[in-house]
Amino acid sequence: MQLNILVLPGDGIGTEVTREAVRVLTRVATRYNHTLNLSEGLLGGVAIHKTGQAMPDETARLAQDADATLMGAVGLPEFDNAPPAQRPERGLLGIRAILGVYANLRPVRTYKALIDSSPLKNHLVEGTDMIIVRELTGGIYYGTPRGITGEAPNEHAVNTMAYSRHEIDRIARMAFELASKRRKKVSSVDKSNVLETSQLWRKVVTEVAADYPTVELEHILVDNCAMQLVLNPRRFDVVVTENMFGDILSDEGAVLAGSIGMLPSASIGGKRPSGAWVGLYEPVHGSAPDIAGQNKANPLGAIGSVAAMLEYSFGLMEEAAAVNRAMEAVLNSGRVTADLKPPGAPATTEQVGQSVCEAIG
Ligand code: NAD
């Protein structure tokens with residue numbers, strides 16, 4: 001298969017962790033006979049320094065041409081006091097808008113070697129493997145009217161939660177397609193006992209489910225879902241929900257897995273003519289200026305993002321599983337970075353990348 005991938009290392013540890021993620025991607029391509037066409041672009045603080053823009057036009061062009069984009073992280077301390085429009089983080093909004101990504105996917109997996117760093121008891125969290133699919137461009141964060149009116153002490157504030165059938169339908173289909181390649185269960189989260197947007201959500205998701213007869217659908221109220229995530233996280237396969245519920249639940253899901261350096265994410269939009277989803281893959285963490293340039297950042301969030309890319313954008317399930325298995329082997333070996341508190345001397349970013357490659361074979 002031809003894998004056309006744009007790499008945007010960004011700032012700080014972004015450059016260090018993407019270097020290792022690309023090393024792993026290259027190993028996978030060799031091992032499984034894929035042709036890797038990599039291009040590299042500027043994004044964030046480094047792009048401002050070189051071009052004056054957080055997302056240069058050239059980066060936008062490259063992103064539109066690629067099948068998938070792998071991003072590190074953006075943010076440099078020298079821009080901390082700059083106005084929002086001139087900050088590196090503006091590049092993130094820019095690239096998401098250019099790609100039209102409307103879903104954020106957070107895989108939540110627990111690894112045996114890290115089980116003790118989960119806040120939950122081992123027997124509850126062990127074996128957890130789910131994806132939280134969050135609608136990213138609609139709902140209360142974008143609805144109008146919004147704002148604060150009136151003077152103290154009589155101010156009044158309003159936000160609007162709005163969803164159209166189209167917005168619900170497309171994200172529901174994404175969830176069902178993901179589930180059909182996994183354990184075939186979708187948990188759709190809403191608050192349909194109170195909210196009209198949720199009633200429409202439930203109706204549309206139920207209708208979409210009819211097109212995926214092999215996938216089981218359950219509807220679950222958001223308050224119950226928040227509870228079930230900590231009581232019995234193993235029961236979930238694909239969780240799909242609207243923007244604000246997803247914002248909250250995906251952070252709750254994240255803590256199940258332990259360190260921030262471990263967490264991958266994917267933002268996904270429509271499909272290319274090839275059938276591949278347009279995707280932007282990145283670790284959840286930022287540019288970590290406190291450890292940048294020291295070869296000690298954990299690259300596993302970025303490497304896990306590569307696994308997500310192989311699975312979601314290219315449908316390469318076996319390759320994705322090989323990366324996940326290799327990550328697990330490295331975690332079990334204890335040769336990991338300092339943030340995971342290894343028993344012996346911590347490994348460097350580069351050593352972890354190399355170990356993952358070796359484990360892939
Ligand atoms: P951060 O995620 O960069 O760092 C938080 C803490 O976690 C730090 O102590 C850091 O050393 C540690 N950490 C993060 N990733 C790690 C890794 N891979 N391995 C080991 N330790 C790791 O968050 P922050 O400090 O709030 O933000 C720093 C900069 O990153 C800011 O400019 C912020 O705007 C930006 N940021 C960017 C993104 C993104 O690009 N998606 C996300 C969050 C923050």
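In this chain, residues are counted from 1 in sequence order. Just so we're clear, the structure is a prediction, and the values are computed from it rather than from any experiment. Remember, it's 1-based here, ligands and their atoms both numbered in the order they're listed. When reading the values below, keep in mind they use all heavy atoms of this one structure, side chains included, and skip hydrogens, waters and symmetry mates.
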**Study point:** Any protein heavy atom < 4.0 Å from atom 26 (O) of ligand 1
**Key:**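 It does not; no protein heavy atom is within 4.0 Å.
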Practice item. Please check atom 6 (C) of ligand 1 for a protein heavy-atom neighbour under 4.0 Å. Key: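 Neighbour list for atom 6 (C) of ligand 1 is empty of protein heavy atoms (cut-off 4.0 Å).
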Which ligand 1 atoms are under 4.0 Å away from a heavy-atom of [X]?
X: I13; answer: 15 (N), 16 (C), 17 (C), 18 (N)
X: A73; answer: 40 (O)
X: A297; answer: 19 (N)
X: S287; answer: 3 (O), 29 (C), 30 (O)
X: G261; answer: 17 (C), 18 (N)
X: E282; answer: 41 (N)

Between [X] and [Y], does any side-chain N to carboxylate O distance fall below 4.0 Å?
X: D129; Y: R182; answer: yes
X: D65; Y: R61; answer: yes
X: R31; Y: E318; answer: no
X: R134; Y: D247; answer: yes
X: E282; Y: R96; answer: yes

Do me a favour and list the nearest non-hydrogen protein atom to [atom] with residue, atom name and distance?
atom: atom 9 (O) of ligand 1; result: D290 OD2, 2.9 Å
atom: atom 14 (C) of ligand 1; result: H285 CB, 3.7 Å
atom: atom 3 (O) of ligand 1; result: A288 N, 2.8 Å
atom: atom 33 (C) of ligand 1; result: E89 OE2, 3.5 Å
atom: atom 22 (C) of ligand 1; result: I291 CD1, 4.0 Å
atom: atom 19 (N) of ligand 1; result: N298 N, 2.9 Å
atom: atom 40 (O) of ligand 1; result: V74 N, 2.9 Å
atom: atom 39 (C) of ligand 1; result: L92 CD1, 3.8 Å

If you count every heavy atom of other residues, nucleotides or ligands that lies below 6.0 Å from [X] atom [atom1], does the total exceed 12?
X: K203; atom1: NZ; answer: no
X: Q2; atom1: CD; answer: yes
X: N81; atom1: CG; answer: no

**Study point:** Distance flag, aromatic centroids of H49 and F79, threshold under 6.0 Å
**Key:**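 Under 6.0 Å, so yes.
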**Study point:** Check: E126/T128 side-chain N/O donor and acceptor closer than 3.5 Å
**Key:**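 Not at all, the side chains of E126 and T128 share no donor-acceptor pair under 3.5 Å.
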Review point. Judged by modelled atom types alone, do S192 and R202 share a side-chain donor-acceptor pair under 3.5 Å?
Key: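 Yes, R202 and S192 have a side-chain donor paired with an acceptor closer than 3.5 Å.
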Exercise for review: Using a 4.0 Å heavy-atom threshold (strictly under), name the region of T337 that reaches ligand 1: side chain, backbone, both or neither.
Suggested key: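 The answer is neither.
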Point to revise | Nearest neighbour of atom 28 (C) of ligand 1 from the list G286, G75, P289, on a heavy-atom basis | key: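 The option holding the nearest heavy atom is P289.
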Review point. Say you draw a straight line from SG of C225 to NZ of K191; how long is it, rounded to the nearest 0.5 Å?
Key: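 One gets 12.0 Å once the value is rounded to the nearest 0.5 Å.
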**Study point:** Sub-3.5 Å N/O-N/O distance, R87 and ligand 1
**Key:**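 It does not: no N or O of R87 is found under 3.5 Å from an N or O of ligand 1.
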